[in-house]
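All heavy atoms count here, side chains included; hydrogens, waters and symmetry mates do not. A note on names: the letters A, B, ... follow the listed sequences, proteins ahead of strands, and every chain is numbered from 1.
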Number of protein chains: 2
Amino acid sequence: MLQASEVEIFREFIRKRGLRYTPERETILREIFKIHDHFDVDELYLRLRNQGYRISKATIYRTLPLLIECGLVQEVYHEDGHMHYEHIYGHEPHAHFRCLSCRRVEEFRDERLEEVAREFQEKHGVQIKMVRYELLGYCAACRKEE
Amino acid sequence: MLQASEVEIFREFIRKRGLRYTPERETILREIFKIHDHFDVDELYLRLRNQGYRISKATIYRTLPLLIECGLVQEVYHEDGHMHYEHIYGHEPHAHFRCLSCRRVEEFRDERLEEVAREFQEKHGVQIKMVRYELLGYCAACRKEE
DNA sequence: TCCTTATTGAAAATTTGTTTCAATGACTTA
DNA sequence: TAAGTCATTGAAACAAATTTTCAATAAGGA
């Protein structure tokens, strides 16, 4: 079976909710899926703007929660006073290591992290929508400097 | 050997840094260790205020990073537009499950989470200061309601 | 095509967190 | 113990992120 594209998923989600599928929403979604990295609202806004789209930040702020709710986007971490996001659809779940000194972020995978989530879900009868694992510390390069 | 109290640890940290150990800082620390739950700046401020302490929010905002740096306090999650903290000294490391609907937070332990961190640390030559594992989803009660 | 009503952009408002600055007081040294 | 230095404090100003308001627009159903 063909995998649904993020656009289809989003449209379906919007419809099911009785909301309206607007070009602004689709443009934001498409742009986010072009960014293969973490992003913040400002970066997204500027990228859209540089391509001639005049989509307001208010609309971006309104759209992000929808994208998060339908599982296409995820809050990754809060740094420098604002939230950072990433798209997640089509990516393996992964964890983040963040260097507290140089701020570099590294992604890695470990199946135990989902295992723990799965077990917690079963044991407690909850429904897990998202797993976030973050390691904070100092990367090898920054350790040497000290 | 007697375990150092959080107050001693904090004083030691402050001294080593060449900073000054003020009553405001100690009062904040003591209050935080009276809260056996997650807290935010506003709650902390009000609790102090209700006890007659006139400590400004600016001072709280200035003190928190110190407490975090010496390992007594931890950022737990960012919700409702602001950060939530908890004291960690004397507690086992633990993970959080947060219900997206009722916002209840549940703590739990799983050693695999530290194991993963330890292995990442060794493999990549980094130094881990903090491990954060968060599960987001719907708790059993909220699932039923739907 | 018409109608209802959700969505949009712009601006105002709100909230969180940081910075400034003069007054205070913690710690060092004599 | 007194004196001097300079970090810390509170208050207020500031900055930035996010939300809300509101009138104009436009999506989707009839």
Could you state the NZ-P distance from A:K57 to D:dT18, rounded to the nearest angstrom?
-> 9 Å
Rounded to the nearest Å, what distance is computed from the CG atom of residue A:D42 to the P atom of nucleotide D:dT18?
-> 10 Å
Report the distance from atom CG of B:L44 to atom C1' of C:dG17, rounded to the nearest whole Å.
-> 15 Å
Using the closest heavy atom to pick a nucleotide of DNA chain D for each, name whichever of B:G81 or B:R49 lands nearer the 5' end.
-> B:R49
Return the 5'-most residue of the pair B:A58, B:H82 with respect to DNA chain C, ranking by each residue's nearest nucleotide.
-> B:H82
Over how many whole Å does the gap from A:Y61 atom OH to C:dG9 atom C1' extend?
-> 15 Å
Could you state the atom-to-atom distance from CE of B:M83 to P of C:dT15 in whole Å?
-> 19 Å
Are any of the side-chain nitrogens in A:D42 or A:K57 under 4.0 Å away from the carboxylate oxygens of its partner?
-> yes
Mind running a 4.0 Å heavy-atom check of residues 11-31 of chain A against DNA chain C and sending the residues that fall below it, in number order?
-> A:L19, A:R20, A:T22, A:E24, A:R25
Measure centre to centre between the rings of A:F108 and A:F97, then say whether the value is under 6.0 Å.
-> no
Using a strict cut-off of less than 4.0 Å between a Lys/Arg side-chain nitrogen and an Asp/Glu carboxylate oxygen, indicate whether B:E26 and B:R30 qualify as a salt bridge.
-> yes
Is it true that B:E31 and B:K34 make a salt bridge, defined as a side-chain N closer than 4.0 Å to a carboxylate O?
-> yes
To the nearest angstrom, how far is A:I60 atom CD1 from D:dT20 atom P?
-> 17 Å
How long is the line joining CZ of A:R62 and C1' of D:dT18, in whole Å?
-> 11 Å
Length of the line joining A:I55:CD1 and D:dA26:P, which is rounded to integer Å = 14 Å
Between A:E79 and A:R98, is there a side-chain N and carboxylate O pair less than 4.0 Å apart?
-> yes
Using a strict cut-off of less than 4.0 Å between a Lys/Arg side-chain nitrogen and an Asp/Glu carboxylate oxygen, indicate whether B:R132 and B:E75 qualify as a salt bridge.
-> yes
